[in-house]
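Read the numbers this way: they start at 1 and go in the same order the structure lists the ligands and their atoms.
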Amino acid sequence: MIKRVLTTCPYCGVGCGFYLDVRDGRIVGVIPSRSNSVAKGHLCVKGWHAHEPVQHPDRLTKPLIKKNGVFKEASWDTALDYVARRLKEIKAKYGPDALAVCTSARCTNEENFLMMKFARAALGTNNVDHCARTCHSATVSGLNQSFGSGASTNSYDELPRMDCILIIGSNPTEAHPIVGWRVRSAIDNGAKIIVCDPRRILSAESADIHIQHYPGTDIPLINAMINFIVSENLHAQDFIRERTEGFDELWRIVKDYTPESVQAITGVEAALIKRAAKLYATSKQSCIMYSLGITEHTVGTDNVMSIANLAMVTGHVGREFSGVYPMRGQNNVQGACDMGALPDVYSGYQPVTDAAVRRKFEKAWAVSLPSKKGLTLTDMMTKAVEGDMKCFYIIGEDQVRTDPDTHMIERALANLEFLVVQEIFLSETAKKADVILPGASYAEKDGTFTCAERRFQRVRRAIEPLAGKTDGEIICEISKRLGYEMESAPSKVCDEMSALTPMFTGVSFQRLEANGLQWPVPAKNHPGTPIVHLGKFKRGRGKFAPLNHKPPAEVPDHEYPFILSTGRMLFHYNSGTMTKRVPDLLRECPSNFVQLNPADAKERGIGKRQNVRVKTRRGELVAPAEITDKIKKGVLWMPFHFSDEPTNVLTNSAFDPVCKIGEYKACAARIEKV
Ligand SMILES: Nc1nc2c(c(=O)[nH]1)N[C@H]1C(S)=C(S)[C@@H](COP(=O)(O)OP(=O)(O)OC[C@H]3O[C@@H](n4cnc5c(=O)[nH]c(N)nc54)[C@H](O)[C@@H]3O)O[C@H]1N2
Ligand SMILES: Nc1nc2c(c(=O)[nH]1)N[C@H]1C(S)=C(S)[C@@H](COP(=O)(O)OP(=O)(O)OC[C@H]3O[C@@H](n4cnc5c(=O)[nH]c(N)nc54)[C@H](O)[C@@H]3O)O[C@H]1N2
Ligand code: SF4
Ligand SMILES: [Mo]
C-alpha cells in the first residue's frame with residue numbers, strides 16, 4: 001500500500017508542490033502535483049530527487065555532545081538538560097545579549113515563530129536572525145523604503161502574459177527553475193526578454209537583449225536607462241505625479257548619467273542600454289525580476305531602490321501584469337522573515353521598539369520582552385570575533401561554508417563559550433559545535449512554508465521524525481527547561497501567530513488546505529492578495545531614491561586584477577549538505593570550478609580543466625578552470641556548493657551599511673596556473 005502525502009519542496013523559494021510516496025514507513029518517490037498552483041505539475045531535477053537526502057544513511061539521528069574534541073552520543077534528556085544548563089549559566093554570567101539564535105529558512109513558519117519566541121521570551125534577547133541577512137535583506141530594506149513592503153509585488157501566474165521581462169542579477173533557469181519555465185512560456189507567447197547579467201546565462205541565450213555589464217555596476221546602468229527614458233519622454237508622467245514622490249530629486253542625480261557617460265564603468269555600449277530602456281518602458285506589460293546579482297553588494301539596498309526607481313518611472317508597478325519580483329531564495333526565507341526571525345521585528349514586521357506592539361506580545365506570552373533591537377547575523381559574527389558574544393544556538397544553517405570570509409567565521413565560532421547546532425547532517429558548522437541536536441527534515445513535520453510569491457503552503461508529515469523530534473519540539477523542550485513553556489503543535493502555533501499578526505489574521509491550516517494563501521490575509525474570510533500596491537503603495541506614495549554609483553568595497557588592481565563573482569548552479573543547493581548526497585545530482589557536477597574568459601586563459605597559458613589557484617586577500621583555493629566565452633574578460637565566477645574546495649575562503653565580508661548583507665558578488669582576485 002502506498003500512502004501519498006501532498007507537501008512543498010524543501011529547496012528553492014519557487015515553492016513547488018509535490019507528493020511523497022510512502023511505502024512501509026519509507027519514502028519511495030516524488031510525484032509532481034498538477035493541481036498545485038505554483039508548479040502545475042512541473043518539478044526541477046532537485047525536486048524530483050527531494051526524498052533522497054531524507055533517508056540518507058548520513059542523517060544525524062542521535063544527540064551528540066563533544067568531550068575533549070570528540071563527539072559522543074547522548075540521550076535526548078542528557079543533551080537537552082545540558083544545553084539548558086549551559087544557556088542558563090551563560091545568561092546569568094553575561095546577560096541575555098551575550099546569546100544569539102540563528103533560525104533556519106529551511107524550517108517551517110511555525111518553527112521560525114517558535115525560534116524567535118524562544119529567543120525573546122525564554123532567553124530575553126532580540127538577537128535573532130537567519131540567512132535572509134546574506135540573501136535578500138537588501139530587498140526587505142530597499143523595497144520597504146521605496147514601496148512600504150519588502151516582498152514580491154505580483155504573482156507567478158502573471159509571468160506568462162508579460163510583454164517584457166527584465167531579468168537582472170537573477171538566473172531563473174538554474175536557481176528558480178519552475179519560474180524559469182514560466183518565463184519560457186512568456187517567450188512562447190511573444191514576450192521580449194532583457195537580461196542584465198555579467199554572464200551569458202541560459203536566459204540570456206534566448207533574450208532579445210543581453211546587457212553584460214561588470215559586476216557591481218547596476219546603479220549606473222539603471223540610472224542611464226532612466227536618463228534615456230525621461231529624455232525621450234517615455235516616462236509615465238501621470239503615474240509619477242499621482243502615485244510617487246521625490247522625482248525631482250531623482251532627476252537631479254540621474255540627469256548626469258547618460259548612456260554614453262556610463263559606458264566605461266559598465267563596459268556596455270550606450271546603444272544597447274538605450275534599446276533595453278526603450279523596450280522595457282514602452283512595452284505595455286513589463287516587469288522586473290531580480291535576485292542576488294542585485295542584493296549581495298555593499299550597495300545592495302541602493303541597488304534594490306534603483307530597481308524600484310525604474311519600475312516607478314515607467315509606471316510598471318502597482319497593477320496587474322507589471323511589478324517587481326525579488327526572487328526569494330530558500331524554500332522558506334520569505335516565511336522566516338515574515339515570522340519575525342529578525343532582530344528588529346516580531347511576526348508581520350511589527351517593530352520590537354514599538355511599545356504598544358511589545359505590550360501586545362508581552363500580554364499574549366505572559367512575559368516581559370526586551371525593547372532594544374537585537375544584532376544582525378553579520379554583527380553577531382563581528383562581535384564574536386571581538387569576544388563579546390558567548391553563545392550561539394544555530395538551527396539549519398551552515399555559516400562556516402556559506403557566510404563570506406570563512407576564516408573570519410571560524411575565528412568567530414572558536415571564540416564562543418558554547419555553540420549548539422541543530423542539524424540534519426554533520427555540516428561544517430555542526431563540526432564546530434559543543435552539542436549537536438538532530439533536527440527533522442521537511443518530510444518529517446507538519447507546518448507551512450511561504451514562497452517567493454508570498455504564498456503560505458502546507459508542509460505535511462510523510463514519515464515519523466528520524467531522531468524522534470521535530471525542530472519545533474526540540475526548541476519547546478529546551479524552553480521548558482528554561483522555565484518557559486511554549487505550545488508546540490504546528491496548527492496551534494499557526495493560530496497563535498495569526499492572532500498576533502494583523503497581516504496574517506486569516507491564515508490557518510484549514511484555510512491553506514487547497515492551494516495556500518498569498519499574504520496579506522488581513523481577515524478570517526479574506527481571499528488573499530495576489531498583487532500588492534494596487535492603486536496605492538503600502539507606504540502611501542512610492543518614494544524615488546536619488547542614487548549615485550559606488551564601486552564594490554574591493555576593485556581590481558595590479559595585484560588582484562580580476563573581479564570574482566560567485567553564485568549557484570542547477571544541480572546543487574547552497575552548502576550542498578543535501579544535494580551532494582543525491583548520486584544523480586553529484587554525477588552532473590561533482591566538484592568546484594572557476595569560470596574564466598578564453599582571452600584571460602590564453603594570456604596565462606591556462607588550458608581546459610587545468611587546475612588554477614584562485615587567490616584573494618582572505619584566502620586561496622585550487623579548482624579546475626572552465627574556460628568559457630559566457631564570461632567577460634577580467635571577470636571570474638565560481639559556485640559555492642562544495643565543502644572540499646570552499647569558495648567562501650575567498651569572498652569579502654564587507655557589507656551594506658543599511659541591511660548588513662555581505663558582498664559575495666564582487667571582490668578582487670588573481671589566478672595562477674598550478
Ligand atoms: N539550484 C539552486 N537553486 C537555488 C539555490 C541553490 O543553491 N541552487 N539557492 C537558493 C537561494 S538561497 C537563493 S538566494 C536563490 C538565488 O538565486 P539567484 O540570485 O538567481 O542566483 P545567483 O547565482 O546567486 O545569482 C544570480 C545571477 O547574478 C549574476 N550577477 C553576479 N554579479 C552581478 C552583478 O553585479 N549585477 C548583476 N546584475 N548580476 C550579477 C550572476 O552571474 C548570476 O547569474 O537561489 C535559490 N535557488
Ligand atoms: N559565495 C557565496 N556564498 C553564499 C551565497 C552566494 O551567492 N555566494 N549566497 C548566500 C545565500 S543567498 C544564502 S541563503 C546562504 C545559504 O546558506 P545556508 O542557509 O547555510 O545553506 P543551506 O545549505 O541551505 O544550509 C542549511 C542547513 O540546514 C540544514 N537543514 C535543511 N533542512 C533542515 C531542517 O528541516 N532542519 C534543520 N535543523 N536543518 C535543516 C542543511 O543540512 C544545511 O546544512 O548562502 C550564502 N552564501
Ligand atoms: S523549482 Fe525550486 S521548488 Fe520547484 S522543484 Fe525545483 S527546487 Fe523545488
Ligand atoms: Mo538565499
Asks: From H176, does some N, O or S atom reach closer than 2.8 Å to atom 2 (Fe) of ligand 3?
Replies: no
Asks: Which residue and atom name correspond to the protein heavy atom nearest atom 2 (C) of ligand 1, and how close is it?
Replies: H572 O, 3.3 Å
Asks: Suppose I only count heavy atoms of E174 and a 4.0 Å limit; which atoms of ligand 1 are within that range?
Replies: 1 (N), 2 (C), 3 (N)
Asks: Between G567 and ligand 1, does any nitrogen or oxygen pair lie at a separation below 3.5 Å?
Replies: no
Asks: Do T647 and T566 pair up side chain to side chain, a donor and an acceptor below 3.5 Å, judged on atom types alone?
Replies: no
Asks: Specify the protein heavy atom at minimum distance from atom 18 (P) of ligand 1: its residue, its atom name, and the distance to 0.1 Å.
Replies: S291 OG, 3.5 Å
Asks: With a 4.0 Å heavy-atom cut-off (strictly under), which part of M327 contacts ligand 1: side chain, backbone, both or neither?
Replies: neither
Asks: Around atom 7 (O) of ligand 1, find the nearest protein heavy atom and jot down its residue, atom name and distance.
Replies: N574 N, 2.7 Å
Asks: What protein heavy atom lies closest to atom 2 (Fe) of ligand 3? Include the residue and the distance to one decimal.
Replies: C12 SG, 2.3 Å
Asks: Near I168, which atoms of ligand 1 are under 4.0 Å from a heavy atom of that residue?
Replies: 38 (N)
Asks: Provide, to 0.1 Å, the distance between atom 4 (Fe) of ligand 3 and the closest protein heavy atom, together with that atom's residue and name.
Replies: C16 SG, 2.3 Å
Asks: Counting only heavy atoms closer than 4.0 Å, does ligand 1 sit against the backbone of P215, its side chain, both, or neither?
Replies: both
Asks: Is the closest N or O pair between D218 and ligand 1 shorter than 3.5 Å?
Replies: yes
Asks: Can you tell me how far the CD1 atom of I187 sits from the CD1 atom of I165, to the nearest 0.5 Å?
Replies: 7.5 Å
Asks: In this structure, does ligand 1 have an atom that sits under 4.0 Å from one of the heavy atoms of M569?
Replies: yes
Asks: Looking at S286 and Y280, would you say the former's side chain and the latter's main chain have a donor-acceptor pair under 3.5 Å?
Replies: yes
Asks: Looking at ligand 3, would A39 count as a contact under a 4.0 Å heavy-atom criterion?
Replies: no
Asks: Among S565, A204, P639, which residue places a heavy atom closest to atom 31 (C) of ligand 1?
Replies: S565
Asks: Can you tell me which residue and heavy atom of the protein come closest to atom 27 (C) of ligand 1, and the distance to 0.1 Å?
Replies: D197 OD2, 3.4 Å
Asks: Considering heavy atoms of the protein only, find what lies nearest to atom 8 (Fe) of ligand 3 and give residue, atom and distance to 0.1 Å.
Replies: C9 SG, 2.3 Å
Asks: Taking N or O atoms only and a 3.5 Å limit, does H297 qualify as a polar contact for ligand 1?
Replies: yes
Asks: If you measure every N/O of G293 against every N/O of ligand 1, is any gap under 3.5 Å?
Replies: yes
Asks: Return the closest protein heavy atom for atom 13 (C) of ligand 1 as residue, atom name and distance.
Replies: G329 CA, 3.1 Å
Asks: Can you tell me the protein heavy atom closest to atom 21 (O) of ligand 1 and the distance?
Replies: R568 CD, 3.6 Å
Asks: Under 4.0 Å, heavy atoms only, figure out whether ligand 1 is touched by the backbone of C196, its side chain, both or neither.
Replies: backbone
Asks: Polar-atom distance check: Y214 versus ligand 1, any N or O pair below 3.5 Å?
Replies: no
Asks: I'd like to know if A666 contacts ligand 1, where contact means a heavy-atom distance under 4.0 Å to any ligand atom.
Replies: no
Asks: Can you tell me the protein heavy atom closest to atom 26 (C) of ligand 1 and the distance?
Replies: G169 O, 3.5 Å
Asks: For E296, state whether at least one heavy atom is located under 4.0 Å from any atom of ligand 1.
Replies: no
Asks: Give a yes/no on ligand 1: does H213 have at least one heavy atom closer than 4.0 angstrom to it?
Replies: yes
Asks: Step by step, work out the salt bridge (charged side-chain N to carboxylate O under 4.0 Å, His left out) result for R106 and D398.
Replies: CA-CA 11 Å; R106 310 298 299 275; D398 188 8; over 6 Å; no
Asks: Return the closest protein heavy atom for atom 47 (N) of ligand 1 as residue, atom name and distance.
Replies: A175 O, 2.6 Å
Asks: Among G329, G13, C44, which one has a heavy atom closest to atom 5 (S) of ligand 3?
Replies: C44
Asks: Heavy-atom distances under 4.0 Å are what count here, so tell me which part of V333 touches ligand 1: side chain, backbone, both or neither.
Replies: neither
Asks: Test of understanding: given a 4.0 Å heavy-atom threshold, classify the contact between L570 and ligand 1 as side chain, backbone, both, or neither.
Replies: backbone
